[in-house]
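Report on the following structure.
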Amino acid sequence: MRFKTPRFWIVFFSVASVLLLAVVDLNRTSPGPLSTIHQREFSLRGQDGCAQCHGGFSESMTDSCLKCHGEIKDQVTRSQGLHGTLSVDRASQCALCHSDHHGASFSLVNVQSFLQAGIPNVEEFDHALVGYNMQGKHRGLDCTECHIQANAPTLPLGEKRYLGLDTSCVTCHEDPHQGEMSKSCTDCHTQEDFNHVSYSSHGDYLPLWGGHKDIGCRECHAKSEPHSLENLGDFANQTSRNCQDCHDSPHTGTFMEGIARLVYLSPGESCVSCHQAEHTSFQEEDLTVTREQHACSGFSLGPPHDQVDCASCHNSDPPSLFQDRYPGRNADRCGECHKDPHGGQFDGSPLARNGCISCHENERFLPHGFSNDLHARTRFALTDSHLELDCESCHKDPEPGESRVFHDTPARCELCHQDSHQGQFDSILKNTTGNPRGTCAECHSARSFQEIPAHGFNHGYWTGYPLVGAHGIARCESCHARSKEPDPLGRTFGRVSDHYGDTINGCITCHQDPHEGSFDQPNLPKTVGGRDSCERCHSESAVSFQEITKEFDHDLWTGFSLRGAHGAIECSSCHGEVKEPNSLMKNHGPAKGSSCSDCHEDPHNEQFKIAERNDCQRCHKSETSFTDLSFNHNLHSRFPLGENHRSVACSSCHRSVRHDDVEFVKYKPLGTNCVDCHGDNRRPLRKRKRGRH
């Protein structure tokens, strides 16, 4: 059995001895009297009080201490206060610093207590260990001035030696603001002097230097305002202030918004990009403005303004108001700084609605930008040859001190150009409705004076001589021959009077008579149908002199009547074309004559010629055909046709012959005897018999 082993009995007697000693110890008294503080606690008196401090079977002595001293337990748990700064081992040995049983007069907090906590000199205790940064006048105070019971041997009932104080100033000092301040005292006051206000975090919002250095707090934080000193602690319902909340800005909203975009701030906060808090005035002499900032004013400092000193536009001598120094000029209104070189000619003009930049660029006045499109909106649109002219051609260089003339510049041709026609059309121009471009524009285009508009020049209206027929298609130079050298006005177009005289006397004024007077004989009429001269036969409306009037009487004018076949043939059949026209441009020759043989070849090889003359009409009386003969063989020849010969074909007797390489039908002389045609037959009977046989 287990009970018989020596090991069992050794354990049994050891435990019994321990229990006996414990019972004996419980009946003994403590090692010494408790301190006065612990003696005041009824539960700690007598033998039963030991377990209250020294713990029982389930807890340590430290656990017992912390049951009563809850504030100390809270410090240790949160690592706050003096006990919270101790190491874990040291914090778990309360008796090491605060021993008891030394009598009623013994203080549980003594020099030894601080030494064990690592504080050799209580007078130099660093309050930062307990979360309070003691500075200034507080460092000269005696401990008892704040901790009244610091040196008391025995604490009065309910009092504390060091605990129970608050770092808030009102714990020790009377609040002169009577609770109106939402900020703590240390936000405005230091531990050096309550009369000196130092808002340590003011620099986070606005550094108090320069222009803000000597300003009293109430000037910005008056009682009646939302940002009063009394309301500074109510951050939840406050908005931060910017420059414009306190200062009126002379700048335009557009400028402020532009600056704000550059610095990524709100318009009210963007003032600091130019005006720093350390400045004593908004009119700092060394204040600089960048190009980008200046552009926000609506005036970009591009060339040539980038080379101009600020004082040239913003005069500061003598000092003036902001509005005077910076009037907010518009970059597109050059006239606000520059004198008008045009002398007000364009004031109120629709073309100058945008001021100088209507014609000039912002960066330069020259070259100007007055385009042809803009010029077209004036009373004189530039077209054709006017587009090639320099502006100075019409807008002459002015005299010194005067403006170049643009307004009311002449817009009519005759006001700039001399009349090369020497007033020839003045009487007719009086009756015209008036072209706004001028009298010359009635006939000439703006491209060239030598160019006539598409609608054409009405020659009859302007000169009294209508161009019809050949005249209508002839080149102008045909009558107005050009000169080799231009006249003083640059004209090479010839005048009719220079070649044909001042008086126009019908066709012969310009044309020579190609007929050499043959139609001006005394026996011929001077007029036909009211027409005289060439128009007796030629129509003015014809395109060629070769066209003659239908009323042309060939018999009257030539003595040769066009009857029969002659009336149906072309004129050129008799009046053949010449190879080269003569000096009078006559390209048809005269008729060869009035007899038939003058135009027709003689097929009879002059067999019927009498006295060197062929009279074809003796046999060919028909006017329509040569084959229609009027020849009577019995009357007009030496050989009457008897009954036997009438039925014989003409060719039986009149055969073709060749003589001198000319082939023709021989009509005469022919024999009239029988043997001339039939031959000589001396033995006709014998021949007949022989034939029968």
Side-chain angles (χ1 to χ4, degrees), residues 515 518-519 521 523-524 552-579 588-693:
H515 308 297
S518 59
F519 296 119
Q521 299 300 320
N523 61 318
L524 296 177
F552 180 74
D553 190 342
H554 200 277
D555 186 21
L556 172 66
W557 295 103
T558 67
F560 187 86
S561 177
L562 297 180
R563 295 189 298 271
H566 289 123
I569 63 176
E570 296 291 336
C571 300
S572 58
S573 299
C574 298
H575 303 278
E577 294 183 0
V578 297
K579 294 182 178 180
H588 285 82
K592 296 179 180 180
S594 59
S595 65
C596 300
S597 59
D598 291 335
C599 296
H600 303 283
E601 292 184 2
D602 182 8
H604 308 303
N605 197 21
E606 299 183 348
Q607 297 177 74
F608 301 105
K609 190 173 184 179
I610 299 175
E612 299 301 325
R613 180 174 180 273
N614 275 328
D615 187 7
C616 301
Q617 291 183 339
R618 287 181 298 170
C619 300
H620 303 283
K621 296 184 179 296
S622 173
E623 296 179 348
T624 58
S625 175
F626 281 112
T627 59
D628 188 6
L629 297 176
S630 59
F631 181 76
N632 191 324
H633 208 282
N634 293 334
L635 295 177
H636 299 127
S637 70
R638 295 179 302 147
F639 187 81
L641 295 178
E643 182 177 354
N644 292 330
H645 288 103
R646 290 177 184 173
S647 58
V648 178
C650 298
S651 58
S652 298
C653 298
H654 302 286
R655 296 183 177 90
S656 293
V657 298
R658 178 175 290 276
H659 181 72
D660 294 335
D661 293 332
V662 177
E663 186 175 352
F664 58 92
V665 177
K666 187 173 183 179
Y667 289 99
K668 69 176 185 177
L670 293 178
T672 58
N673 297 318
C674 297
V675 296
D676 293 333
C677 294
H678 302 286
D680 184 10
N681 189 357
R682 297 182 177 273
R683 300 172 66 181
L685 294 177
R686 293 180 66 182
K687 288 181 180 179
R688 186 177 303 114
K689 289 179 180 181
R690 185 182 298 172
R692 291 176 181 177
H693 297 286

Within 6.0 angstrom of E663 CD, more than 12 heavy atoms from elsewhere: yes
Interatomic distance, S597 atom OG to R613 atom CZ [nearest 0.5 angstrom]: 8.0 Å
Interatomic spacing from OG1 in T558 to CZ in F519 - rounded to 0.5 Å: 7.5 Å
salt_bridge(E612, K609) N-O dist < 4.0 Å: yes
Residues, nucleotides or ligands: over 12 heavy atoms within 6.0 Å of R638 CZ: no
Whether F631 and H636 hold their rings parallel, tilted or perpendicular, with breakpoints at 30° and 60°: tilted
Sidechain-backbone polar pair: H575 side chain, A591 backbone, donor-acceptor under 3.5 Å: yes
Heavy-atom pair of closest approach, residues D676 and G671: OD2-CA, 2.9 Å
S630 side-chain N/O to C619 backbone N/O, donor-acceptor pair under 3.5 Å: yes
Short side-chain to backbone donor-acceptor contact, H554 and F560, under 3.5 Å: yes
Rounded distance (nearest 0.5 Å) linking atom CG of D553 with atom OG of S561: 8.0 Å
Inter-residue atom distance H645.NE2 - S652.OG, 0.5 Å rounding: 10.0 Å
Shortest non-hydrogen contact from C574 toward I569: SG-CD1, 4.1 Å
Atom pair CG (L629) and OG (S622), whose distance is rounded to the nearest 0.5 Å: 9.5 Å
Geometric class of the H654/Y667 ring pair [parallel <30°, tilted 30-60°, perpendicular >60°]: tilted
Within 6.0 angstrom of Q521 CD, more than 12 heavy atoms from elsewhere: yes
Greater than 12 external heavy atoms within 6.0 Å of Q617's CD: no
Closest heavy-atom pair and its distance - F664, P603: CB-O, 3.6 Å
Minimum side-chain heavy-atom gap L562-D555 below 4.5 Å: no
Smallest separation among heavy atoms of V665 and Q607, with atom names: O-NE2, 2.7 Å
Nearest-0.5 Å distance, CZ of residue R646 to NE2 of residue H633: 12.0 Å
Heavy-atom closest contact (N614 atom, F608 atom, distance): OD1-C, 3.5 Å
Heavy-atom closest contact (F626 atom, H620 atom, distance): O-ND1, 2.7 Å
